[in-house]
K.L.:
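Next up is a structure, given as C-alpha cells.
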2 protein chains.
Amino acid sequence: MNAATEPLRVDRPAKTLRELTLEKMREAIFSQHFRPGDRLVERDLCERLGVSRTIVREVLRHLETEGLVSNLPARGPIVSRTTAAEALQIYEIRGALEAIAARACAEARQPATIAALDACLARILAGYARGNSTLVLEATSDFYRTLFASSGKEVAWNIVNALTMRINHLRSMTIKTPGREVEGPRQMQRIVEAIRAGKGEEAHAAALQHVASASAIAQRLLREREGG
Amino acid sequence: MNAATEPLRVDRPAKTLRELTLEKMREAIFSQHFRPGDRLVERDLCERLGVSRTIVREVLRHLETEGLVSNLPARGPIVSRTTAAEALQIYEIRGALEAIAARACAEARQPATIAALDACLARILAGYARGNSTLVLEATSDFYRTLFASSGKEVAWNIVNALTMRINHLRSMTIKTPGREVEGPRQMQRIVEAIRAGKGEEAHAAALQHVASASAIAQRLLREREGG
DNA sequence: TGCCGTACTATGGCATACCATAATCTGACG
DNA sequence: CGTCAGATTATGGTATGCCATAGTACGGCA
C-alpha cells in the first residue's frame with residue numbers, strides 16, 4: 001500500500017448505465033430473484049430495469065461469458081442451471097486456486113493479512129452464532145477476497161468470483177448443514193494458523209480440504225435434490 | 001461417445017453475425033493483427049468487419065469479460081496488455097488446472113485418451129522437426145484439449161482456453177526458445193507415461209512441472225523485453 | 001374427433017440515429 | 001512565446017425501430 005497513491009481513490013463513480021444494470025442483474029440472480037432455468041426475456045428486463053434493449057443485451061452477453069447465463073438457440077437467454085457434474089468441477093477448481101492463494105499468503109506471512117483473516121473468521125463465527133446466513137456468506141467471501149488480494153492473485157480471484165456465483169444456491173444450503181457451523185470455521189482456522197506459522201504447504205492442504213468438504217456436502221445435497 | 005446421438009451433429013451452422021464477428025476478432029487478436037495496447041475503435045471495426053456497432057460492441061463486451069480486451073475509461077477498448085505479473089499468475093493457474101486434468105486422466109486410464117495424446121505428441125515433434133511453429137502450437141492446444149475433454153473437465157477447459165489467449169504471444173516465443181523442442185515434448189511425454197501407468201499423482205506433478213518450465217522461460221523473455 | 005396448415009405473436013438479431021463528453025485543436029491575449 | 005478559453009472533433013453511451021423466425025393458437029378438412 002503506497003500511501004501517496006492508493007488511498008482515497010474514487011474509482012470512477014460515474015458508472016455507465018450498463019455497469020449499473022450489470023450489478024442489478026447479478027444481484028437479482030445472486031439473490032435468487034431469478035432462479036436457474038428462468039427465461040430472461042430481453043424486453044421484459046428492459047421494462048423492469050428501465051433501460052433499453054441495447055444495454056440489456058450487452059449485460060446478458062457479459063453474464064453469458066461469465067457462465068451465469070446460458071443462451072438457448074431459438075429460445076433466448078436463461079439463468080444457467082448448474083448440474084451436479086459442473087458443481088463438482090467448480091468446487092475442484094476453487095479448491096486448487098484457493099490453495100494456491102493460501103500457500104502464497106503463508107509464504108508472505110504478512111501480519112496485516114493474518115489480522116484481516118482473523119477478523120473475517122470472527123464475523124463468520126458471529127454469523128453462525130446469530131443464525132445470520134447472509135453474514136456468514138459475506139464474511140466467507142471477504143475471507144477469500146482477503147486471501148487472494150493479499151497474495152496478489154487478482155486473476156485467480158476473478159475466476160473464483162465468477163465461479164462462486166454459479167454455485168451460489170449450493171453455498172447457502174451448504175452452510176446450513178448441521179455441523180457445518182463447527183467444521184467450516186475450524187477448517188478455515190487451520191488455514192489461518194498455517195499462514196501465521198508461515199507453512200505454505202500446510203496452508204495449501206488446509207484450503208484444499210476446506211473446499212473438498214464443502215464439495216462433499218454439496219454433492220450430497222444435489223443427490224438428494226435429484227433423488228426426490 | 002454414443003454412436004446414436006453424437007456423430008454428425010451439425011451444431012447450428014446458422015451462426016449469428018455476432019458469433020462470426022467474435023471468431024474474426026479473436027482470430028485477429030490471436031494472430032497479432034491487433035497487438036496488445038492497440039485501440040479498438042468501434043466505428044473502425046464496423047467498417048472493417050462490415051457489421052453494425054451493435055454487433056461490434058457486444059463482441060467487445062464478450063472479449064472484455066474474457067480479459068482479452070480492456071476498456072480504458074474515457075478512452076475506449078484496447079487489446080489487453082498482459083503484464084509480467086499477470087502472465088505469472090496465468091501460468092500458475094494453468095498449471096494447477098492442467099495438473100488436475102492430467103491426474104483425472106491417469107485415474108481413468110482410457111486407451112483412447114492415451115492414443116489421442118500420443119498422436120498429439122507426434123504432431124508436436126513433427127512440427128518442431130519441420131520448424132513449423134503453427135503446427136506445434138496447434139498440436140499443443142489439441143494435447144490439452146484432449147486432456148481436459150477426456151477427463152470431463154469442461155469448466156476448467158473454458159478457463160484455460162480463455163487464459164491461454166492472453167499469453168498467446170508468450171507461447172509462440174516460448175516454443176522457439178533453444179532447447180524447448182527437446183524439453184517441452186519430453187515433459188509432455190512424462191505426462192502421457194504417467195497416465196498410461198495410471199499414476200495420478202505423477203501425472204499431476206508432471207503437468208505442473210511442464211507449465212512451470214514454460215512459465216520460467218516466459219518470465220525470462222518478459223524481463224528481457226522490459227530490460228531492453 | 002383428430003390432425004395438419006395457416007395466421008398470428010412473441011422474441012431475438014441487427015442496424016441506425018442521436019446524444020454526451022473527453023480529447024484535441026486553434027486562436028487570441030498577456 | 002506561452003498559456004488558457006472556446007470551438008471542433010472523435011468516440012463511446014444509449015435508445016429506437018425494423019426484420020426474420022420460432023413457437024403457438026386457431027380453424028378447417030378428413
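In what follows, every heavy atom counts, from backbone to side chain, and hydrogens, waters and symmetry copies are set aside. So that the names make sense, note that chain A is the first sequence line, chain B the second, and so on, each numbered from 1. Source: prediction; values computed, not measured.
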K.L.:
Using every non-hydrogen atom in the two residues, find where R81(A) and E86(A) come nearest and quote the distance to one decimal.
P.N.:
O-OE1, 3.5 Å

K.L.:
Give a yes or no answer on whether the side chain of R35(A) reaches the backbone of Q32(A) with a donor-acceptor pair at less than 3.5 Å.
P.N.:
yes

K.L.:
Just the rounded figure in Å: distance from P of dG13(C) to CD of E64(A).
P.N.:
9 Å

K.L.:
What nucleotide among dA22(C), dA15(D), dG12(D) has an atom nearest to a side-chain atom of A74(B)?
P.N.:
dA22(C)

K.L.:
Does R43(B) have a side-chain nitrogen or oxygen under 4.0 Å from the phosphate oxygens OP1 or OP2 of dA10(D)?
P.N.:
no

K.L.:
Just say parallel, tilted or perpendicular for the rings of W157(B) and F148(B), cut-offs at 30° and 60°.
P.N.:
tilted

K.L.:
Quick one: D44(B) CG to dT9(D) C1', roughly how many Å, whole number?
P.N.:
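One finds 14 Å between C1' of dT9(D) and CG of D44(B), rounded.
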
K.L.:
Quick one: is dA15(D) close enough that its OP1 or OP2 comes under 4.0 Å of any side-chain N or O from S52(A)?
P.N.:
yes

K.L.:
Round to a whole Å and report the spacing from CG of L20(B) to P of dG13(C).
P.N.:
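The distance from CG of L20(B) to P of dG13(C) comes to 14 Å, rounded to the nearest Å.
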
K.L.:
Would you please confirm or rule out a distance under 4.0 Å between OP1 or OP2 of dA22(D) and any side-chain N or O of R75(A)?
P.N.:
no

K.L.:
Need one value for R18(B): base, sugar-phosphate or nothing, where a base atom within 4.0 Å counts as base even if backbone is also close, heavy atoms only.
P.N.:
sugar-phosphate

K.L.:
Indicate the atoms forming the closest heavy-atom contact of E42(B) with L60(B), along with that distance.
P.N.:
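For E42(B) versus L60(B), the nearest heavy atoms are CG-CD1, 3.9 Å.
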
K.L.:
Can you find a donor-acceptor N/O pair under 3.5 angstrom joining the side chain of T54(A) to the base of dT16(D)?
P.N.:
yes

K.L.:
Just the rounded figure in Å: distance from C1' of dA15(C) to CG of L45(B).
P.N.:
16 Å

K.L.:
Locate the shortest heavy-atom distance separating C105(A) from L147(A); write the atom from each residue and the value.
P.N.:
SG-O, 3.2 Å

K.L.:
Expressed in angstrom and rounded to an integer, what is the separation of L22(A) atom CG from dG13(D) atom C1'?
P.N.:
15 Å

K.L.:
At 4.0 Å (heavy atoms only), tell me whether R53(A) reaches a base, stays on the sugar-phosphate, or touches nothing.
P.N.:
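Base contact.
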
K.L.:
Of G50(B) and E42(A), whose closest DNA chain C nucleotide lies nearer the 5' terminus?
P.N.:
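Residue closer to the 5' terminus by nearest nucleotide: E42(A).
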
K.L.:
Can you check the E19(A) CD to dT14(D) P distance for me, whole Å?
P.N.:
8 Å

K.L.:
Separation of L72(B) atom CG from dT21(C) atom C1', in whole Å?
P.N.:
16 Å

K.L.:
Please give, in whole Å, the distance from dG12(D) C1' to I78(B) CD1?
P.N.:
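Rounded to the whole Å, the gap is 15 Å.
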
